[in-house]
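Step one of this worksheet: look at the structure below.
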Amino acid sequence: MSVSIRQIHPVFVGEVSGIDIARPLSRDEVAAVEAGMDRYAVLLFRDQKVTDEQQMAFSLNFGVLEDTRGGNITKPEDRRLPVGMGDVSNLGRDGQPMDRASRQRLFNLGNMLWHSDSSFRAIPAKYSLLSARVVNPVGGNTEFADMRAAYDALDDKTKREVQDLICSHSQIFSRGILGFTDFTDAERVKWAPVRQRLVRKHPRTGRLSLYLSAHAGGIEGWPVPEARAFLRDLTEHATQRKFVYAHAWRPHDLVMWDNRVTMHRARRYDHTQVRDMRRTTLTNEVSSLEQAP
Ligand SMILES: [Fe+2]
């Protein structure tokens, strides 16, 4: 069986068939998936019943796992999943949906804002891979937006204006948008803003893209309200429906996306029922500052 990819959205997103990601991949299969990522930025693999170990092994074909520590407010003793797995569920360690007022749950609601994973880290994410183990019966789509198409559609004046801007990103900014502001002093230190380019160049394809995220709360050299108004305008432009794919999850879907060239957000679901989604994340290994156009 050979890998084939069918585009399922007018500007990006491919559905992959002819591959079993629970098994070790051949070099040709890895190359086909990488080429698909370069072209489509988001790949969907249906019916992939994987364990955490298999998901991590598959992910490692495409880079180095991010050290996910420090990305969340969850205490190590409250973690549900092994090291290397990101918990994007609504479940506590007891396997039950978290209380509505749970601090962890309210923090995680930041995932409903358009963002790029780990843009709040000095070295941000390359690919994320999200596996649907238990799908919530109500809502819970994940939406993706193509930041290459969004960049291409800017007028020339705006392209020149954004070309060399540097933004500051922090989880404090994104959570603050939702009114989540009760951070500890240690969290404020841990999530001090980091610098990211607003326009970056993909290392393999050379395509330029907007690097936006809810974590972006400022532009160097700009007054804060003006920067935030501009970032909001750009985000509105970049998330027009023509650039957006909405993924309705089926059990055992795995979706893999390139955070360097896309944004995504989770949509509402029934918080009293289980949603078990598990993420592996690959580090970009270098700063976006090193990916200038
Ligand atoms: Fe995310």
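The backbone N or O of Ser26 lies less than 3.5 Å from a partner atom in the side chain of Glu29, making a donor-acceptor pair. At least one donor-acceptor pair under 3.5 Å links the side chain of Asn136 to the backbone N or O of Gln273. Judged by distance alone, the side chain of Arg148 and the main-chain N or O of Val261 form no donor-acceptor pair under 3.5 Å. Distance alone, capped at 3.5 Å, is enough to place a donor-acceptor pair between the His237 side chain and the Ala150 backbone. A donor-acceptor pair is defined here as one N or O able to donate and one able to accept, closer than 3.5 Å; such a pair exists between the side chain of Lys126 and the backbone of Phe62. Listed for the Thr262 side chain is a donor-acceptor partner under 3.5 Å among the backbone atoms of Asp258. At least one donor-acceptor pair closer than 3.5 Å links the side chain of Arg79 to the backbone N or O of Pro82.
Of the listed residues (Val42, Val33, Val16), just one forms a side chain to side chain contact (heavy atoms under 4.5 Å, CB included) with Met256, and that residue is Val33.
Scored by the ring-ring contact (aromatic ring centres under 6.0 Å, His included) test, Phe107 finds Phe180, Trp191 as partners (sequence neighbours excluded). In this view, Arg175 and Gln171 satisfy the side-chain hydrogen bond (donor to acceptor under 3.5 Å, both in side chains) rule, not counting sequence neighbours. Not a single ring-ring contact (aromatic ring centres under 6.0 Å, His included) links Tyr40 to another residue, sequence neighbours left out. Checked against side-chain hydrogen bond (donor to acceptor under 3.5 Å, both in side chains), Asp233 has no partners two or more places apart in sequence or in another chain. Scanning for side-chain hydrogen bond (donor to acceptor under 3.5 Å, both in side chains) contacts around Arg80 gives Asp87, Ser89, Asp276, with sequence neighbours left out. Partners of Asp253 under the side-chain hydrogen bond (donor to acceptor under 3.5 Å, both in side chains) rule, at least two apart in sequence or in another chain, are Arg46, His247.
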N/O donor-acceptor pairs under 3.5 Å from side chains in residues 282-289, not counting sequence neighbours:
{"from": "Thr283", "atom 1": "OG1", "to": "Glu285", "atom 2": "N", "distance (Å)": "3.0"}
{"from": "Asn284", "atom 1": "OD1", "to": "Arg260", "atom 2": "NH1", "distance (Å)": "3.4"}
{"from": "Asn284", "atom 1": "ND2", "to": "Val286", "atom 2": "O", "distance (Å)": "2.8"}
{"from": "Asn284", "atom 1": "ND2", "to": "Gln291", "atom 2": "OE1", "distance (Å)": "3.3"}
{"from": "Ser287", "atom 1": "OG", "to": "Leu289", "atom 2": "N", "distance (Å)": "2.9"}
{"from": "Ser288", "atom 1": "OG", "to": "Gln196", "atom 2": "OE1", "distance (Å)": "2.5"}
{"from": "Ser288", "atom 1": "OG", "to": "Arg197", "atom 2": "N", "distance (Å)": "3.0"}

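Side-chain contact annotation: Ser128 with Asn259, donor-acceptor N/O pair under 3.5 Å present. Ser119 and Ser213 share a donor-acceptor pair across their side chains, judged by distance under 3.5 Å alone. Between the side chains of His264 and Thr142, no donor-acceptor pair is found at a separation under 3.5 Å. Looking at Asn72 and Thr74, their side chains do bring a donor and an acceptor atom within 3.5 Å of each other.
Annotation for Trp114: hydrophobic cluster partners, listed by chain and number, are Met147, Tyr151, Leu154, Val162, Leu165, Leu198, Val199, Leu208, Leu210, Leu212, Ile219, Trp222, Phe230, Leu231, Leu234, Val244, Met263 (ILVMFWY side-chain heavy atoms under 4.5 Å, direct or chained). By the 4.5 Å side-chain criterion applied to Ile, Leu, Val, Met, Phe, Trp and Tyr, Val64 is assigned to no cluster and stands alone.
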Inset, instruction - Please step through side-chain contact (heavy atoms from CB on, under 4.5 Å) for the pair Ile21 and Gln54, ending with a clear verdict. - result: CA-CA 8 Å; Ile21 68 172; Gln54 288 165 335; over 6 Å; no
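Within the structure, every pair that satisfies the salt bridge (Lys or Arg N to Asp or Glu O under 4.0 Å) test and touches residues 90-114, not counting sequence neighbours, is listed here: Arg103-Asp182, Arg103-Glu187. Counting only residues at least two apart or on different chains, the salt bridge (Lys or Arg N to Asp or Glu O under 4.0 Å) pairs with a member in residues 108-121 are Glu66-Arg121, Asp117-Arg279. Each side-chain hydrogen bond (donor to acceptor under 3.5 Å, both in side chains) pair with one or both residues in residues 4-15, not counting sequence neighbours, appears once here: Ser4-Ser17, Arg6-Glu15.
Shortest non-hydrogen contact noted between Asn141 and Arg275 is O-NH2, 4.4 Å.
Classification of the Phe120-His215 ring pair by plane angle, with boundaries at 30° and 60°, yields perpendicular.
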